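Here's the structure, in structure tokens; my notes come after.
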Amino acid sequence: MPSSGITAVDAAAKGMKLERYASGGALLLRRATSAKLVSASSHLLFRATVLATLALVFLFTLHYPSLLSRSFHLSAGGGGGADDGARSSASHRSLLMSSASYGGAAWEKEVRRSARPSRDGGISVLVTGAAGFVGTHCSLALRARGDGVLGLDNFNSYYDPSLKRARQALLASRGVLVLDADINDAPLLERLFDVAAFTHVLHLAAQAGVRYAMEAPQTYVASNVAGLVSVLEVAAKHADPQPAVVWASSSSVYGLNTDAPFSEDHRTDRPASLYAATKKAGEAIAHAYNHIYGLSITGLRFFTVYGPWGRPDMAYFFFARSIVAGEPVTLFRAADGSDARRDFTYIDDVVKGCLGALDTAGKSTGSRSGRKSGPAPLRVYNLGNTSPVPVTRMVAILEKLLGRKANKRVVTMPSNGDVPFTHANVSHAAHDFGYRPTTSLEAGLRHFVDWFVSYYKLDAKIAKPAAADDDKPAKKKKKNKAMSASS
């Protein structure tokens, strides 16, 4: 009995063990099956994620060929704040679409026609930022003397694109074609150099503005650095023969320099804004392309350019709008209590400097093969008026011309990149191509206000100018006024 009891117990125990083994085996089998399912699901999820990522990359590449092709806010020159609403509404563009929209015999014929000089010995110039302020005036002046001009502009909405379209229409009426395109569209640039034999490039396209750089820094890198590289790459490696390049630097490169007047010999390694830093970077990039590829490159440091068809984000322009609208005008004073001062330079004087730089640029010495026959010219010049004026004085002149008092609000200049004063030494430009500014601030603002009232169809009482405002002979005064009204 005892032995049979033990046997029964042992059998029961063995049965329980077998049952546990069976249930354990089933559990292990279920776990193994579950692990395989999880593994398979993970692989499927991984593959789906990879495919989705590739699809997104493909779509991104299709619409934005590179990070640098995002909403390039290009315009000419440098300046201050603008309308935030207009700037934030800038639309993203597909550079591939801009390239694809051009081509064919008719298009090539139009490009050649616009780029062909009409005078013996004329030059053929590709002007970037041609629908910008300085670009429009330079294109008109080049065409007026019989040079060939083809323009590029991406018509972004950093400021009102309708003003750029009006400039484009003005250029079209003078026989200058301005293509709606972007400087970072390398295939299009190469195509243009295949179609037309440009002898020069006037590169004025850039993201302008000092304070806006704090809001949208990437647009400055994309336009002012990558855009310049894009233009120099095509000029150095694709064009045959290489053109001479004249491009827009800025007086902002002097940054925290306190030596006055600002000379090209002064240090420029302390920029006060990102905008200034990108222009300084551009000067270093120009040195590299000149040294490596033999490109003839001239940089022009503009000092607060103003005049008809100007940029609405510049102080004189939005001050005029505020005075007419009865809105407050904010004036900055330096930390020591002194008024901010600017070397205001009238557009006609700047155009003369740009054309002088083009005419004396000298030839590039490189080739598509990468070999260069010798050193090529590398130059940089100030283009200013040489007479700094307190901004308060500029406002007083606008008040007089518009027949209305400004509602002034004076505040201390914020540390956002602006500098208390600018003052140009132009002796190098005077020596090398006879640059001599002749337009006083009173005369220049008179021409601007005449255009401003006419363009915006304002019912404003405009004061008559004093006889001494122009500081020029009567015949020359009449000629300059006519030029401003037409350009």
Side-chain angles (χ1 to χ4, degrees), residues 76-77 79 131-145 159 163-164 166-167 169-171 173-174 302-324 342-355 383-389 391 393-404 406 424 435-487:
F133 174 32
V134 178
T136 295
H137 284 271
C138 286
S139 297
L140 287 170
L142 288 166
R143 174 59 79 187
R145 72 178 196 176
Y159 62 81
L163 178 57
K164 301 175 187 179
R167 297 185 190 129
L170 175 62
L171 290 169
S173 72
R174 308 297 173 83
F302 297 149
F303 280 72
T304 317
V305 188
Y306 73 100
W309 292 101
R311 278 179 24 219
D313 66 311
M314 296 291 285
Y316 72 95
F317 202 121
F318 64 72
F319 283 172
R321 289 196 303 185
S322 296
I323 291 171
V324 169
R342 292 290 180 268
D343 200 342
F344 295 103
T345 313
Y346 187 61
I347 183 61
D348 288 1
D349 292 326
V350 167
V351 168
K352 292 173 186 174
C354 290
L355 270 59
L383 293 185
N385 194 49
T386 74
S387 302
V389 176
V391 177
R393 170 63 180 155
M394 181 261 288
V395 173
I397 296 171
L398 286 174
E399 289 177 317
K400 178 182 176 182
L401 293 171
L402 291 167
R404 305 186 186 191
Y435 175 74
R436 289 178 180 82
T438 58
T439 311
S440 68
L441 183 60
E442 289 83 357
L445 287 177
R446 149 66 55 182
H447 298 323
F448 164 71
V449 169
D450 285 346
W451 169 84
F452 178 78
V453 171
S454 174
Y455 181 80
Y456 289 104
K457 298 178 173 59
L458 301 177
D459 182 17
K461 179 182 178 182
I462 307 302
K464 296 295 182 183
D469 274 356
D470 237 326
D471 297 328
K472 296 180 184 180
K475 186 178 291 186
K476 202 165 188 178
K477 181 195 301 186
K478 184 176 181 181
K479 180 179 178 181
N480 285 345
K481 186 174 180 180
M483 179 180 177
S484 296
S486 64
S487 59

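The figures that follow rest on heavy atoms only: side chains count, while hydrogens, waters and symmetry mates do not. Since the structure is predicted, the reported quantities are computational estimates derived from the model, not experimental observations.
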(message) I'd like to know if the side chain of Arg404 reaches the main chain of Val324, judged simply by a donor and an acceptor atom lying under 3.5 Å from each other, with no hydrogens or angles considered.
(response) yes

(message) Under 6.0 Å from the ring centre and within 45 degrees of the ring axis: does the NZ or CZ of Lys164 meet both conditions for the six-membered ring of Phe133?
(response) no

(message) Looking at every non-hydrogen atom in both residues, tell me the closest pair between Gly384 and Thr345 and how far apart they are.
(response) CA-OG1, 3.2 Å

(request) Measure from the side-chain N and O atoms of His137 to the backbone N and O of Gly132, and report whether any donor-acceptor pair falls under 3.5 Å. (result) no

(message) Test your reading of the model: is there a side-chain donor-acceptor pair from Asn385 to the backbone of Asp343, 3.5 Å cut-off?
(response) no

(message) Between the side chains of Asp450 and Arg446, is the shortest nitrogen-to-carboxylate-oxygen separation below 4.0 Å, so that they form an ion pair?
(response) yes

(request) Please report the shortest heavy-atom distance between Cys354 and Leu383, naming the atom on each side. (result) N-CD1, 4.1 Å

(request) Could you tell me whether the side chain of Arg167 and the main chain of Ala131 form a donor-acceptor pair under 3.5 Å? (result) yes

(message) Centroid separation under 6.0 Å, is that true for the rings of Tyr306 and Tyr346?
(response) yes

(message) Using 0.5 Å steps for rounding, measure from the CG atom of Leu140 to the CG atom of Leu170.
(response) 5.0 Å

(request) For the pair Ser454 (side chain) and Trp451 (backbone), establish whether a donor and an acceptor sit closer than 3.5 Å, ignoring hydrogens and angles. (result) no

(request) Would you mind reporting whether His447 and Ile347 have side-chain heavy atoms less than 4.5 Å apart? (result) no

(request) Would you name the heavy atoms of Asp313 and Phe318 that are closest together and state the gap between them? (result) O-CE2, 3.1 Å

(message) Testing Phe319, Tyr456, Phe317, Phe344 one by one against Phe448 for a ring pair (Phe, Tyr, Trp, His ring centres under 6.0 Å), which residue passes?
(response) Phe317

(message) Has Thr304 got a side-chain atom pairing as donor or acceptor with Arg342's backbone, closer than 3.5 angstrom?
(response) no

(request) State, yes or no, whether a side-chain contact exists between Thr386 and Phe303 at a heavy-atom distance under 4.5 Å. (result) no

(message) Do Arg311 and Val305 have side chains that approach each other closer than 4.5 Å (heavy atoms only, starting at C-beta)?
(response) no

(message) Determine whether a donor-acceptor pair (N or O, by modelled atom type, separation under 3.5 Å) exists between the side chain of Thr439 and the backbone of Pro437.
(response) no

